[in-house]
Amino acid sequence: LLSEELLWKGSYSDLVEDIKSNKLVLIDLRDKDETSYLPVKKAVHFDSKLSELLSFLKSIPKSKSLVFFCKGRMCERLTEAVEMANSA
């Protein structure tokens, strides 16, 4: 559902470095079952609470990048979250 230009193009090591240096916010959109058996410690979780996501996005400094992840590129929550971020 997401267009190619919205997908992460950097390497995994670049992503890890940006997370460690606090340059970006990693937002996990997976449901509770998925996060329970495959946790990501530095991620902010918004599984079924997309209604709360917009206010959270507005609180993030514009200097930070956002990286969303879900079950995959075809995840509807991912598309909705990216649209929210673009509007925020």
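Counting begins at 1 with the first residue of the sequence.
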Q: Would you please name every residue forming a side-chain hydrogen bond (donor to acceptor under 3.5 Å, both in side chains) with Asn86, sequence neighbours left out?
A: none
(Q) Taking side-chain hydrogen bond (donor to acceptor under 3.5 Å, both in side chains) as the definition, give me every residue that meets it alongside Ser13, ordered by chain and number, with sequence neighbours left out. (A) Ser11
Q: Please name all residues satisfying side chain to side chain contact (heavy atoms under 4.5 Å, CB included) with Val40, sequence neighbours left out, ordered by chain then number.
A: Leu26, Arg30, Ala43, Phe69
Q. For the atom pair CG (Asp28) and NZ (Lys42), what is the distance rounded to the nearest 0.5 Å?
A. 15.0 Å
Q) Looking at residues at least two apart in the chain, or sitting in another chain, which of them share a salt bridge (Lys or Arg N to Asp or Glu O under 4.0 Å) with Asp18? A) none
Q | For Glu5, side chain to side chain contact (heavy atoms under 4.5 Å, CB included) partners two or more places apart | A | Ser3
Q: Look up atom SG in Cys70 and atom CD1 in Ile27, then write down how far apart they are to the nearest 0.5 Å.
A: 12.0 Å
(Q) Once side-chain hydrogen bond (donor to acceptor under 3.5 Å, both in side chains) is applied, do any residues pair with Lys23, and if so which ones, sequence neighbours excluded? (A) none
Q | Test item: Lys20 side-chain N/O and Leu15 main-chain N/O as donor-acceptor pair under 3.5 Å | A | no
Q: Please identify each residue that fulfils side chain to side chain contact (heavy atoms under 4.5 Å, CB included) with Glu17, with sequence neighbours left out.
A: Ser21
Q. Would you call Leu7 and Glu4 a side-chain contact if the rule is heavy atoms closer than 4.5 Å?
A. yes
(Q) Applying salt bridge (Lys or Arg N to Asp or Glu O under 4.0 Å), can you list everything that pairs with Lys32, at least two apart in sequence or on another chain? (A) Asp47
**Q.** Any residue meeting side chain to side chain contact (heavy atoms under 4.5 Å, CB included) with Ser65, in chain and number order, not counting sequence neighbours
**A.** Leu24
**Q.** Leu6 side, atom CG; Phe68 side, atom CZ - distance, nearest 0.5 Å
**A.** 10.5 Å
**Q.** In one Ile/Leu/Val/Met/Phe/Trp/Tyr side-chain cluster, 4.5 Å: Leu66, Val16
**A.** no
**Q.** Nearest heavy atoms of Leu29 and Arg77, plus distance in Å
**A.** O-NH1, 2.7 Å
Can I get a per-line list of side-chain donor-acceptor pairs under 3.5 Å for residues 56-64, giving both atom names and the distance, sequence neighbours left out?
unit_1, atom_1, unit_2, atom_2, d
Ser59, OG, Phe56, O, 2.6
Lys62, NZ, Ala88, O, 3.1
Lys64, NZ, Asn22, O, 3.3
Lys64, NZ, Asn22, OD1, 3.1

